[in-house]
Amino acid sequence: MILIGSLASLLAGLATGIGAILVFFIPEPSDKFLDASLGFAAGVMLAASSFSLIVPAIEIGGIWKTVIGIIAGTVFLFYAERLIPHAHYVAGVKGPPTKLSKIWLFILAITIHNFPEGMAVGVGYGGGDIKAGTSLAIGIGLQNMPEGLAVAFPLLREGSTRSKAFLIALLTGLVEPFGGFLGISVVSLGKFLLPYGLAFAAGAMLLVITEEIIPETHSRGNDREASIGVILGFIIMMVFDNIFS
């Protein structure tokens with residue numbers, strides 16, 4: 001099961017390259033399209049956090065273990081974002097002062113985002129439920145596609161070649177199997193850790209959604225397009241979760 005969970009998180013991470021490959025075939029997309037795409041990714045993550053992580057955590061361990069896990073995941077990612085320098089195209093540079101180039105700061109930003117997503121897939125398989133893990137892997141892979149697009153095109157604006165922008169976007173997805181391996185390994189140590197692990201991944205993803213993705217999608221006046229993207233992503237992930245339940 002550890003091998004399956006790690007491979008599933010790897011495939012979900014590589015889906016970033018599917019979105020990024022569009023840099024070779026289309027001109028630069030409009031800000032409206034990028035914001036709607038990122039909104040879609042946020043909607044998928046929100047539904048995955050709710051139906052695939054939090055609800056099972058409550059069913060397995062009860063409300064208070066779930067609360068503890070959510071808080072722990074939120075605090076973990078909050079400090080990761082404070083301690084690791086990174087940059088978003090609209091929000092700019094965050095974290096401690098650094099001499100890293102802006103391209104590396106973009107890479108670190110998406111790496112911070114992808115780690116809890118990979119962890120979510122790994123924890124999903126950690127309970128021994130292949131259907132639940134597969135639902136999460138498909139959902140995370142689905143939302144990684146617009147993220148790949150949203151990474152590659154800003155890199156073009158920073159002067160990268162199309163090949164380099166694609167390669168960097170693809171490589172950012174490779175952090176997910178590390179998160180997946182960690183997630184499934186930890187909960188495999190004891191089933192009592194499963195609700196904490198599910199809720200931990202959910203808490204980290206919720207912070208990414210509320211502090212990074214949604215504010216970014218609403219920062220250029222494309223609120224309606226971004227909101228429609230969130231709702232569509234939420235619905236699609238909710239359907240996936242029910243199909244595989």
Gap separating the [atom1] atom of [X] from the [atom2] atom of [Y], nearest 0.5 angstrom:
{"X": "T66", "Y": "L53", "atom1": "OG1", "atom2": "CG", "answer": "10.5 Å"}
{"X": "L83", "Y": "F78", "atom1": "CG", "atom2": "CZ", "answer": "9.5 Å"}
{"X": "M45", "Y": "L206", "atom1": "CE", "atom2": "CG", "answer": "8.5 Å"}
{"X": "I63", "Y": "I70", "atom1": "CD1", "atom2": "CD1", "answer": "7.0 Å"}
{"X": "L77", "Y": "R82", "atom1": "CG", "atom2": "CZ", "answer": "13.0 Å"}
{"X": "F33", "Y": "L38", "atom1": "CZ", "atom2": "CG", "answer": "10.0 Å"}

Heavy-atom closest pair, residues [X] and [Y]:
{"X": "G13", "Y": "N144", "result": "CA-ND2, 3.7 Å"}
{"X": "P177", "Y": "S9", "result": "CA-OG, 3.2 Å"}
{"X": "I140", "Y": "A12", "result": "CG2-CB, 4.2 Å"}
{"X": "P146", "Y": "A41", "result": "CG-CB, 4.0 Å"}
{"X": "P116", "Y": "A204", "result": "CB-CB, 3.5 Å"}
{"X": "A47", "Y": "M237", "result": "CB-CB, 3.6 Å"}

Verdict with supporting geometry, L142 and F40, side chain to side chain contact (heavy atoms under 4.5 Å, CB included): CA-CA 9 Å; L142 191 65; F40 177 86; 3.9 Å; yes
If hydrophobic clusters are built from ILVMFWY residues whose side chains come within less than 4.5 Å, do [X] and [Y] share one?
{"X": "F178", "Y": "V187", "answer": "no"}
{"X": "L174", "Y": "I18", "answer": "no"}
{"X": "I130", "Y": "V123", "answer": "yes"}
{"X": "M145", "Y": "F234", "answer": "no"}
{"X": "I60", "Y": "I58", "answer": "yes"}

Heavy-atom check, side chain of M119 versus side chain of E176, under 4.5 Å: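 No. Closest side-chain heavy atoms not under 4.5 Å.
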Any side-chain heavy-atom pair of K32 and R220 under 4.5 Å: no
Looking at [Y], is its backbone amide N or carbonyl O close enough to the side chain of [X] to form a donor-acceptor pair, meaning the two atoms are under 3.5 Å apart?
{"X": "R162", "Y": "V23", "value": "yes"}
{"X": "D241", "Y": "S135", "value": "no"}
{"X": "T217", "Y": "I214", "value": "yes"}
{"X": "S185", "Y": "L182", "value": "no"}
{"X": "N222", "Y": "H218", "value": "no"}

Residues E117, Q143; criterion side chain to side chain contact (heavy atoms under 4.5 Å, CB included); working and verdict: CA-CA 10 Å; E117 295 167 10; Q143 67 89 34; 2.8 Å; yes
Ring centroid separation F200 to F76 under 6.0 Å: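 Centroid distance F200-F76: below 6.0 Å, so yes.
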Check against side chain to side chain contact (heavy atoms under 4.5 Å, CB included), Y196 and I68: CA-CA 7 Å; Y196 295 109; I68 292 171; 4.2 Å; yes
Full working for side chain to side chain contact (heavy atoms under 4.5 Å, CB included) between T16 and L170: CA-CA 6 Å; T16 306; L170 176 64; 5.7 Å; no
Check: Y125/S6 side-chain N/O donor and acceptor closer than 3.5 Å: no
